[in-house]
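Encoded as structure tokens, the structure appears first; notes follow it.
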Amino acid sequence: MRTHYCTDLDEKSVGEEVTLAGWVNSYRDHGGVIFIDLRDKSGLIQLVCDPADNEKAHKVASEIRDEFVLIAKGKVRKRGEGLENPRLKTGKIEVVVDDLKIENRSEPMPFTLGDPNVGEDIRLKYRYLDLRQKEMFETFKLRSKAAIAARNLLDSLGFLEVETPILTKSTPEGARDYLVPSRVHNGEFYALPQSPQLFKQLLMVSGFDRYFQIAKCFRDEDLRADRQPEFTQIDVEMSFCDQEDVMRVAEELLKAIFNACGREIEIPFSRITYKESMEKYGNDRPDLRFGLEMVDVIDLFENCDSPIFAEIAQYKKLNRIKALKVPGGDKAFSRKIIKELESFVAKFGAKGLAYIQVKEEGLKGPILKFLSDDAIETMKSRLDLQVGDIVFFGAGDRKTVWDYMGRLRTEVA
RNA sequence: GCGGUGGUAGUUCAGUUGGUUAGAAUACCGCCCUGUCACGGCGGGGGUCGCGAGUUCGAGUCUCGUCCACCGCGCCA
């Protein structure tokens, strides 16, 4: 029935009789000629219904509204001079319709496709409409490609794909289990797996050696913008291996997945120790797309005139005083923004947020008066301060300082 | 569980200090329009202002309660 997808056609198709099927993306009724942008999974093409060409098709076309489902038979024609649409992949051609069938009519749309401001609740309510959008289809396609690439790569490395049960016994980890009542065992419940670890030992001791699964995981915890209660995890397990083996498999896997999605990445990845990551970035999954490394300055406060800072500087193992220089930050951050950053870090246990501004006329900030001239000079060179910079300071026990300074780092980035 | 923000037309939003008949864009309906591609022109319909109380001569607007949504914290590897 259908002979082509919309974007299969191009200038080479001119003159061909084709049958297309799809949805009305938009229509323009000029009273005489009617234009229809027809959409299928491949993209758009313009249909033309001119009463001079075919009166019957034009009459059908005059009833058309957005999102009607059509089957259109017609001939591919090159568009005239100046009538081309460079924004369309098929913009140099159009299809002159000589037989138009309305397969299905559509109610008016409850929301505008492609409008990025439409709330997610309404999009989910009309999921079948939402999924018509190209971006939605591309997302599914990307996911499919990633999953297939992961399977192929792991298969090539000798991993066996397994599936483990969903209805299982609760294995108390950190997260709450989702529970499913059992009909057979009255009053008892199955738990849905938080992750598929439960069956690891069973397979490993049985000598399966290497296996993986692309597994659904369930955690009955509150959501975040980037966190769902139900998600998919690639679980890879291997026997008789060391850290290096595990990292190599992970790198190969990520390379294969990114490659399948059209991105080249370099392996091996750069590696830093846990300690270095915590000291410079304040967490164990640092965002390395920007610098903004925190710098240790605890030694400079050792004999300073502030009892609070001096006290903290006494215990170098447990405490930290970290400086975070934001180049050009003095100009970029208004008083108000700095206030907001202060209350931002306060949420994570910061007692305050000291800072030093680097002005034309010199350094400015309330903590300068506590520091010796020597310490200030050392600070200048250690942080390589330039006019226009701002430096934030976090002081206290190391876990707290790492946490809020690390969060501050990504917040200001 | 806690905090912040929001809820007004199908959708996205505006609505002044509490004051006449609650607006715009888009969508929808009707008429007109033969080269548009976000087509255009004219006209029209469409509202439990989340819900419930309260203050007031008068509430979309103020107060309290409640429900829902989003964002964050707690929680969550």
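Values below: every heavy atom of this structure, side chains too, minus hydrogens, waters and symmetry copies. Protein chains get the first letters and strands the later ones, always in sequence-line order, with residue 1 at the start of each.
- Comparing C39(B), U12(B), G35(B) by their closest approach to the side chain of V118(A) singles out U12(B).
- In this structure, U17(B) forms no base pair with any nucleotide, since neither Watson-Crick nor G-U wobble geometry is met with both distances under 3.5 Å.
- Nearest heavy-atom pair, P327(A) versus D389(A), reported as atom, atom and distance to 0.1 Å: CA-OD1, 3.2 Å.
- The side chain of R28(A) approaches C39(B) more closely than any other nucleotide in the set C39(B), G10(B), G72(B).
- Looking at every heavy atom in both residues, A323(A) comes nearest to V391(A) through CB-CG1, 3.8 Å.
- Of the candidate nucleotides G10(B), G35(B), A77(B), A77(B) has the atom nearest to the side chain of A175(A).
- Put simply, CD on E221(A) is 12 Å from C1' on G1(B), counting in whole angstrom units.
- With hydrogens and angles ignored, a donor-acceptor pair closer than 3.5 Å exists between the side chain of R79(A) and the base of U36(B).
- Between the side chain of R77(A) and the base of G35(B), at least one donor-acceptor pair of N or O atoms lies under 3.5 Å.
- For the pair R65(A) CZ and U26(B) P, the interatomic distance rounds to 17 Å; values are reported in whole Å.
- In this structure, I45(A) places its CD1 atom 18 Å from P of U36(B), rounding to the nearest Å.
- On a pure distance criterion of 3.5 Å, a polar donor-acceptor pair joins the side chain of E94(A) and the base of G35(B).
- At whole-Å resolution of the value, CD in Q46(A) and C1' in U36(B) are 7 Å apart.
- Among the heavy atoms of the strands, none lies under 4.0 Å from D121(A).
- For T112(A), whose side chain is taken as the heavy atoms from C-beta onward, the closest listed nucleotide among U26(B), C28(B), A77(B) is U26(B).
- If you check every strand for non-hydrogen atoms under 4.0 Å, I122(A) touches sugar and phosphate atoms only.
- Annotation for E279(A) and W402(A): closest pair OE2-CZ2, 3.3 Å, computed over non-hydrogen atoms.
- Per the geometry, CG belonging to D37(A) stands 9 Å off P belonging to A38(B), to the nearest Å.
- Using Watson-Crick or G-U wobble geometry with both donor-acceptor distances under 3.5 Å, C39(B) finds no partner in any strand shown.
- Here G72(B) is the nucleotide among G72(B), U12(B), U36(B) with the atom lying nearest to any side-chain atom of R224(A).
- Note: F301(A) and F393(A) have perpendicular aromatic rings, judged against thresholds of 30 and 60 degrees for the angle between ring planes.
- R87(A) comes within contact range of the sugar-phosphate backbone alone, with a heavy-atom separation under 4.0 Å but no base atom that close.
- Residue contacts shown for R39(A) are absent, as no nucleic acid heavy atom lies under 4.0 Å away.
- Within the nucleic acid shown, G91(A) has no heavy atom closer than 4.0 Å to any nucleic acid atom.
- The main-chain N or O of E135(A) is found under 3.5 Å from a side-chain atom of T139(A) such that the two form a donor-acceptor pair.
- Between the CG atom of D226(A) and the P atom of C76(B) there is a distance of 16 Å, given to the nearest Å.
- For D50(A) against G35(B), a side-chain-to-base donor-acceptor contact under 3.5 Å is absent.
- The aromatic rings of F333(A) and F392(A) sit tilted relative to each other, their planes meeting at an angle between 30° and 60°.
- Residue contacts shown for D220(A) are absent, as no nucleic acid heavy atom lies under 4.0 Å away.
- Within 4.0 Å of E84(A), counting heavy atoms only, lies at least one base atom of the nucleic acid.
- In this model, a side-chain donor or acceptor of R227(A) finds a partner on the base of C75(B) within 3.5 Å.
- Across the protein-nucleic acid pair, Q233(A) atom CD and C76(B) atom P stand 16 Å apart, rounded to whole Å.
- In this structure, R407(A) reaches the sugar-phosphate backbone alone: every heavy-atom distance under 4.0 Å involves primed, P, OP1 or OP2 atoms, never a base.
- Taking atom CG of D222(A) as the reference point, atom P of A77(B) lies 13 Å away to the nearest angstrom.
- Salt bridge annotation for R407(A)-E411(A): absent, with no cationic side-chain nitrogen under 4.0 angstrom from a carboxylate oxygen.
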